[in-house]
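All values below come from the heavy atoms of this structure, side chains included, with hydrogens, waters and symmetry mates left out.
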Amino acid sequence: TNPDNRDRVRPLTPTNPAYVIYTSGSTGKPKGVVGLHGGAANRLEWIGGIHSYRQGPTLAKSSISFLDGSTELLGAFLNNGSVVLAGSVAARDPGRITRLMDQHKVGCLTLVPSLLVPLLEDDDFCKPVGLQSWICSGEPLTVLHLQKFQEDLPDVRLFNFYGASEASGDSLFEEIIIDSNRTGLVPIGRPIWNTQVYVLDDWLRPVPVGVSGELYIAGAGLAR
């Protein structure tokens with residue numbers, strides 16, 4: 001049952017659990033991750049620092065059981081923004097997404113890169129009047145994605161987010177500067193607020209610049 005005020009005998013702190021969310025299971029069985037209030041608040045405050053939510057409503061199209069869903073809703077509300085809710089059918093239909101964005105002058109959209117090109121190639125797509133920021137996360141962003149984005153939305157800011165369920169969802173970010181001569185990998189950027197990242201070898205030693213290693217994350221976002 002939900003706790004009532006008689007059950008709340010201790011003050012809420014940043015280290016208390018805020019939610020349980022399950023990983024995708026890409027490395028095996030999905031695992032429940034206990035995210036903390038401090039990590040969630042840090043990430044949502046940070047997002048408000050890089051994007052102005054007052055430039056237009058956010059399109060909320062993701063399930064609340066998915067980290068992007070909490071960002072779309074809570075990020076806007078925490079930073080004095082508004083939200084347009086997309087139904088479950090519309091959220092899977094590029095044409096309906098386009099019409100919602102145009103009808104409500106949506107200012108910010110978050111989606112996985114694999115949906116970016118189909119959305120831009122949809123027959124009904126034209127640049128929504130209010131669109132200011134486009135956030136990609138959850139999958140690698142490729143040069144092909146950037147080329148298509150540059151053709152259709154040259155004046156819209158494009159962000160690449162990188163993270164994991166075990167680190168409150170986002171740990172690194174890059175505002176992508178579109179360059180027609182870009183080749184190779186698209187950068188995942190630098191740490192968000194109150195976050196540190198390290199590239200380490202098999203003995204947990206920092207590797208030199210240009211040497212491959214494993215990415216380790218520290219800071220406010222770490223789950224239980």
Side-chain angles (χ1 to χ4, degrees), residues 12-24 26 33-56 58-81 83 107-113 116 132-142 145-146 149 156-178 185-200 204 206-207 209 213-224:
L12 185 66
T13 74
T15 59
N16 283 124
Y19 59 87
V20 175
I21 198 165
Y22 280 80
T23 61
S24 63
S26 57
V33 176
V34 181
L36 307 183
H37 281 273
N42 180 71
R43 182 170 64 97
L44 296 172
E45 288 274 11
W46 157 76
I47 289 175
I50 66 169
H51 167 70
S52 175
Y53 281 92
R54 298 185 182 184
Q55 293 177 336
T58 295
L59 181 62
K61 58 173 184 48
S62 304
S63 166
I64 195 65
S65 63
F66 183 52
L67 280 165
D68 282 350
S70 64
T71 306
E72 289 167 347
L73 288 173
L74 302 180
F77 294 155
L78 183 66
N79 293 286
N80 300 312
V83 169
C108 182
L109 176 68
T110 301
L111 80 174
V112 293
L116 186 151
Q132 301 288 329
S133 299
W134 194 305
I135 297 169
C136 283
S137 67
E139 297 170 353
L141 195 59
T142 68
H145 295 134
L146 300 189
F149 191 89
V156 176
R157 300 173 75 191
L158 175 63
F159 292 96
N160 191 25
F161 287 6
Y162 174 88
S165 301
E166 296 87 346
S168 294
D170 300 305
S171 297
L172 297 108
F173 79 107
E174 176 86 356
E175 182 171 359
I176 304 297
I177 305 302
I178 304 295
L185 300 175
V186 177
I188 58 175
R190 295 181 176 275
I192 72 169
W193 294 353
N194 302 308
T195 300
Q196 302 82 44
V197 295
Y198 308 93
V199 183
L200 307 179
L204 302 185
V207 300
V209 173
E214 293 288 338
L215 187 67
Y216 283 74
I217 300 172
L222 294 188
R224 281 280 174 92

I217 vs E166, side-chain contact (heavy atoms from CB on, under 4.5 Å): CA-CA, chis, key distance, verdict: CA-CA 10 Å; I217 300 172; E166 296 87 346; over 6 Å; no
Separation of L141 CG from E174 CD (nearest 0.5 Å): 10.5 Å
Straight-line distance of C136 SG to F161 CZ, nearest 0.5 Å: 10.0 Å
Heavy-atom pair of closest approach, residues Y19 and A40: CE2-CB, 4.3 Å
Minimum heavy-atom distance L215-V199, with the two atoms named: CD1-CG2, 4.2 Å
Non-hydrogen atoms of Y198 and A218 that approach each other most closely: CE1-CB, 4.2 Å
By side chain to side chain contact (heavy atoms under 4.5 Å, CB included) - contacts of E214 (at least two apart): Y216
Under 3.5 Å donor-acceptor, N160 side chain and P187 backbone: yes
L59 side, atom CG; C108 side, atom SG - distance, nearest 0.5 Å: 9.5 Å
Contacts of type ring pair (Phe, Tyr, Trp, His ring centres under 6.0 Å), residue F173, not counting sequence neighbours: W46
T71: partners by side-chain hydrogen bond (donor to acceptor under 3.5 Å, both in side chains), with sequence neighbours left out: R43
Beyond-backbone contact of D170 with T195, side-chain heavy atoms, under 4.5 angstrom: no
Closest approach of T110 to K61 (non-hydrogen atoms, all atoms of both residues): O-NZ, 2.8 Å
From CG (L78) to CG (L73), nearest 0.5 Å: 12.5 Å
Non-hydrogen atoms of L36 and L222 that approach each other most closely: CD1-O, 3.8 Å
Shortest non-hydrogen contact from I21 toward S165: CG2-CB, 4.3 Å
Atom pair OG1/CZ of T58 and F77 - distance to nearest 0.5 Å: 9.0 Å
Gap separating the NE2 atom of H37 from the CG atom of N42, nearest 0.5 angstrom: 14.5 Å
R224 CZ: over 12 foreign heavy atoms closer than 6.0 Å: yes
Test log, rule side-chain contact (heavy atoms from CB on, under 4.5 Å), inputs I135 and D68: CA-CA 10 Å; I135 297 169; D68 282 350; over 6 Å; no
